[in-house]
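Take a look at the structure set out below.
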Amino acid sequence: MFGARKLLSALATSLSFAMLAAIPAAAEQGVTADSITIGAFGPITGPAAYIGLAGRDGATMAIKEINAAGGINGRKLNMIFEDDGHSPAKALAAVKKLIDEDKVFMLFNVAGSNGTIGTIDYVKEKGLVMFVSFASAPGVTWPFAKNLFRGGTTEVPRYGELYAEYIVDGLKAQKIAILSGREEYPKNEGDALTKQLQKWYKITPVKRAEFNIGDKDFTPQLLDLQQADPQVIAFFGNPAEAAIALRQAKELGLNQQFFVGTTMVDQGFLTAAGPAAEGASGFALIPLLPGSSNPAMKAWRAKWSAEYPNLPANRPNIFDVLAYADMYVVAEAMRNAGKDLTTDRLIDALENLHDYRVGPIASPRSFAKTHHIGNLRLQPMQVKNGEWVQVLWESKRPSDILQRYH
Amino acid sequence: MTWRIALQLALSGLSVGSIYAIVALSLAIPFKASRVLNFAQGELVTLGAYIALVLSSYGLPYPVMVPATLVIAAGFGILIERLFIRPIVGAPEFTLVIATFAIGLIIRALIRIHWQDNVFFLPAPYSGPALAVGPLRVNPSYLVIIGSTAALVTLLVLFFQQTRLGKAMRAVAYNQTAARLMGISVGKVFGSAWALSAAIGAAAGLLLAPVAGINPELGHLIVKALVAAVIGGFGSLGGAVFGGLLLGVLETYAGALFGAALKEVIPFAILIAFLLVRPNGLWGTTQVRV
Amino acid sequence: MRLAHAAIAIAAVFSVALPLFGSEYQIYLAELILINIVAAIGLNLLTGNCGQISLCHASLMAIGAYTTALLTTRLAVTYVLALPAGVVVTTLLGASLGYPARRLSGLYLALVTLGFLEVVSIAIEEFPDLTGGVRGLKLAKPELVGLLLKDNALYFFVLGMTALAICAGWNIQRSRYGRAFDAVRQSVIVAQALAIPPGRTKLLAFSIAAAFAGLAGGLFTAVVGFIDPTEFDISASLRDITFIVVGGLGSVAGSVVGAVVLTLLPETLRGAKEYGDVVYGVILLGALVLAPKGIVGSLAFLARRRDSKGGLT
């Protein structure tokens, strides 16, 4: 049979090649006398592009500023960015390319959970530091890994803690209904809230309804919720669905207060939902939203607009700010690590950071030897007169999250 | 389930079904005019919606914006046909289908680069608070969608039955070679077919803009539209519309009775059931070749 | 024809020697290409040879991937057994598509396969305790009789499996089943006249395609180590179809060429950054316009024309 013989012989030869030496472990790389190379990846094509593009642009702006101010201990920062298309297979390709071909010193992850989970095992094996700015996937911080750090987004259970405390203690509600989308992040938010309501307050949601991503009608779910007569409706999904759901809720006569997930606490939700958003509350991942009139944010926006004059609507968004702030966190740790920069010294420096932030536009980051959860704070906000405004409410209950790290 | 809920579900089902109906209508057109499954039809709806968005951002009043959108969309349709479809018109069927998929991808990606995945709702003059019919509520935009769809179906049926171009399209769809032998310019017919598909797609986009949200993934509605077209039968324009409305109602009731998971499965269960039992749909005029 | 033999020899040597000089990234890419080759061969037998449209090839890959993954993670079955088990399960489920294929064709068959795709997707999401649902499933590196399949060992395993798949595809095409496929594609009536049962032939074609897809899916779990339903959606199915359309319908060489070119293309387009999808679409269209019969199909066509111009035929 033509082909079979040739291929069989190729197989035989290849099996003998299989005894070849193993690939040597990655040594210190990406650091030269005058530069540090950071590898970054995230979705810049596909439906999640608004995350990766913002991550890339925010990080790039931070690097530009840092370099203009003299760099880190005499070295300039250099970032190579790869697309992951929001696909785990492509994310792994991006990471392998960055580590093995581009020889980066560390990874700056602006990929969200989809692109992150598949790369964790590989990065753990390689030993490079990966600083995860956006993903909330639990695998980044639990089980504990020496070289993985989480920056901007907080732990999934923490969302549950803050949401539960705010709804029960801040909004003074006992009858709570949850409407969540059947996608990873909204589902996580919904599950975490349910769990925490039970754990801390012995409250069970009066109703938990679900919808599918891309749904254009929420009547069945809303009628169901209406029957349960809640005081607060928690909605977890995307701005597109939130806008329709909130509008339909008003139409059907549901006048309850809405509590929305972090994806909605951004300008995009306001653009989409219009007047139906009024009165909704939620937690923001950053202390000041890009549209805020706070002087520090206004100054930052001016810098951003100068850097990116032609960008699409609703940019900068929260991911621009998060990536910018987290890049400064990484840079600060690198600076503290000193001239002799190695992965171990960077890990040490990160773990010794306490409440570092680049300015009022960021929330403080702290790491420790026992856990690498950088941020446990979220900012409660409410829509007033068509804008997200800070709510003066502080969480009083200490978090349970860190208990398992002792 | 009380009467009020049952009726409200029916009304909401017809409302969301009207969205499926207009997209299904826009899908039935290229099929009727050229017998090609156009994977880019969803993107033609999206394109129409974004054209409307751009025009309205220039402050054009609604009665001007609507025809302008349709004309510009038709222009895009002709352009796409001339540049990308004409060169491969003799190719195997699969090549054409993949070509339409590529065109859809390009349109979607370009839109995404400029507008990202922001969602925009474009209010129309008829947008407003929900109308009250006793204890029931219905958003007026849906009534406009249903009315406009009905009107379009009538116009299109007349077009295909009575006008020269319409009859030529049907001839080309039926048998290209014979049509050519009869002196019909197949190239011109294809161009017109794409122009019409784009225009009807744009009409769908315009009608959806106040209620469904304009974003790059709007074209995903094409999947539901396919189910609607199967229910109604691919050759029948009115059937596609009926299929959309029926699908909306069935989906809504399924969601209310069985939850979100089943709501997602129902369209495909119906699809497979129809294809196995009655592939021609309820009013289909096309023969199912084996 | 000499050229074809030379090309195959070069490709074989290159793929075997790759671990000597390739980076981990390149080896990973090669593994993805090999997986796509396996999937493409199966789809080409079904669509290119037998003429049956399938929009659900990716979900067949998903079934293979999830079966293999669940057996190894939940039931601690060793990979070397889980992989063929995945192939078997996928083949059985894929065979079920033979039933609608008996009575439908063209657009209607495509829609049935679309329905199948969506139902599989929903099924994966609906049992999160089993499949990980929308959060996906992470897998440990597989073992092959004690040898941990990673790095070079994994690469050669995938390469070996792909070689087997290419052999199998080649032989099926040239067997009487392959000829039956061609007959059914050209004309069901003529096939019946030749005593070829169209219904059973289509069933066989769907089953074979499913087997290849199941193998590709099982290999995918080993190479990527993480699966979730979004990797196996309608775009993935359409991508598989582009492999065979651009490569060349009805030929194993076409499947190989198409899978290689279109798996490498998005990676080479990394420089286009956020315009990657646009450039990909344009190149795809260009390929279709310039080579409507596919790369291999067009090359064969040109070769025939050149041969016939030579005079002696």
Side-chain angles (χ1 to χ4, degrees), chain A residues 43-54 179-182 187 208-224 226-227 238-244 247-254 266-276 310-315 317 319, chain B residues 1-2 4-6 8-13 15-17 19-20 53 57 108-109 112-121 123 129-132 135-139 142 208 210-218 220-221 223-224 248 251-261 263-265:
Chain A
I44 55 175
T45 56
Y50 66 98
I51 297 178
L53 285 170
L179 179 56
S180 61
R182 294 170 70 240
K187 210 167 168 154
R208 172 85 185 261
E210 290 193 313
F211 59 88
N212 300 308
I213 300 301
D215 267 0
K216 305 284 180 219
D217 173 69
F218 300 86
T219 310
Q221 294 93 333
L222 289 169
L223 288 177
D224 212 12
Q226 197 173 37
Q227 287 217 292
N238 297 321
E241 293 116 24
I244 300 177
R247 185 200 84 217
Q248 285 188 324
K250 294 259 180 331
E251 286 172 3
L252 290 169
L254 279 104
D266 200 356
Q267 185 61 35
F269 168 67
L270 297 173
T271 311
N310 293 321
L311 272 173
N314 297 336
R315 289 281 305 282
N317 59 30
F319 300 104
Chain B
M1 192 182 281
T2 71
R4 183 217 153 205
I5 293 183
Q8 181 66 57
L9 287 174
L11 208 52
S12 300
S15 301
V16 75
I19 298 180
Y20 302 152
L53 191 68
S57 74
R108 202 165 59 236
R112 173 162 280 137
I113 287 175
H114 192 260
W115 281 279
Q116 311 268 259
D117 280 77
N118 291 300
V119 183
F120 301 100
F121 287 85
L131 303 172
L136 307 176
R137 303 275 177 272
V138 65
N139 188 306
Y142 296 113
L208 294 180
V211 285
I214 304 175
N215 72 5
E217 294 293 317
L218 192 59
H220 202 66
L221 282 168
V223 177
K224 300 268 170 82
E251 211 185 46
T252 308
Y253 273 105
L257 292 169
F258 305 115
K263 186 168 182 229
E264 218 185 343
V265 150

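Residue numbering restarts at 1 for every chain, and letters A, B, ... go by the order of the sequence lines.
Within the 4.5 Å cutoff, side-chain heavy atoms of B:Thr252 are placed close to those of A:Asp217. Side-chain contact between B:Lys263 and A:Asp215: present, with at least one pair of heavy atoms (C-beta onward) separated by less than 4.5 Å. Side-chain contact between B:Val211 and A:Arg247 is present, with heavy atoms from C-beta onward closer than 4.5 Å. Between A:Gln226 and B:Ile5, the closest side-chain pair of non-hydrogen atoms is not below 4.5 Å. Residues A:Arg182 and B:Glu264 meet the side-chain proximity criterion, which asks for heavy atoms closer than 4.5 Å.
Of the listed residues (B:Arg4, B:Lys224, B:Glu217), the greatest number of heavy-atom pairs within a distance under 4.5 Å of chain A belongs to B:Arg4. In terms of non-hydrogen atom pairs under 4.5 Å with chain B, the most contact-rich of A:Glu210, A:Lys216, A:Gln267 is A:Lys216. Taking chain A as the reference chain and counting heavy-atom pairs below 4.5 Å, the highest number among B:Val119, B:Thr2, B:Leu11 is found for B:Val119. Considering only heavy-atom pairs separated by less than 4.5 Å from chain B, the leading option among A:Gly253, A:Gly46, A:Ala273 is A:Gly46. Most heavy-atom pairs under 4.5 Å with chain B, from the set A:Ala243, A:Ala209, A:Gly268, A:Pro47: that is A:Pro47. The candidate with the highest count of non-hydrogen atom pairs below 4.5 Å against chain B, out of A:Asn238, A:Asp224, A:Ile244, A:Asn317, is A:Ile244. Interface summary for chain A: among B:Ser12, B:Ala130, B:Ala256, the most heavy-atom pairs under 4.5 angstrom belong to B:Ser12.
Rounded to the nearest 0.5 angstrom, B:Gln8 CD and A:Leu223 CG are separated by 6.0 Å.
Residue contact with chain B, scored on non-hydrogen atoms closer than 4.5 Å, involves the side chain of A:Leu53 exclusively. Contact of B:Ile113 with chain A is made through the backbone alone, with heavy-atom distances under 4.5 Å. Proximity to chain A is limited to the backbone of B:His114, based on heavy atoms less than 4.5 angstrom apart. Interface residue B:Ala212: backbone and side-chain heavy atoms are both found under 4.5 Å from chain A. For chain A, the nearby parts of B:Ala261 are the backbone and the side chain; heavy atoms of each come within less than 4.5 Å. Interface remark: A:Tyr50 contributes backbone and side-chain atoms alike to the contact with chain B (heavy atom separation under 4.5 Å). Using a 4.5 Å cut-off between heavy atoms, B:Tyr20 does not touch chain A at all.
When all heavy atoms of A:Ala240 and B:Phe121 are compared, the pair lying nearest together is O-CZ, 4.3 Å. Nearest heavy atom pair, residue A:Gln248 against residue B:Tyr142, reads NE2-OH, 3.8 Å. Looking at every heavy atom in both residues, B:Arg112 comes nearest to A:Ala49 through CD-CB, 4.3 Å. Heavy-atom minimum distance, B:Leu9 versus A:Pro220: CD2-CA, 3.8 Å.
When only modelled atom types and interatomic distance are considered, A:Glu251 and B:Asn139 share a side-chain donor-acceptor pair under 3.5 Å.
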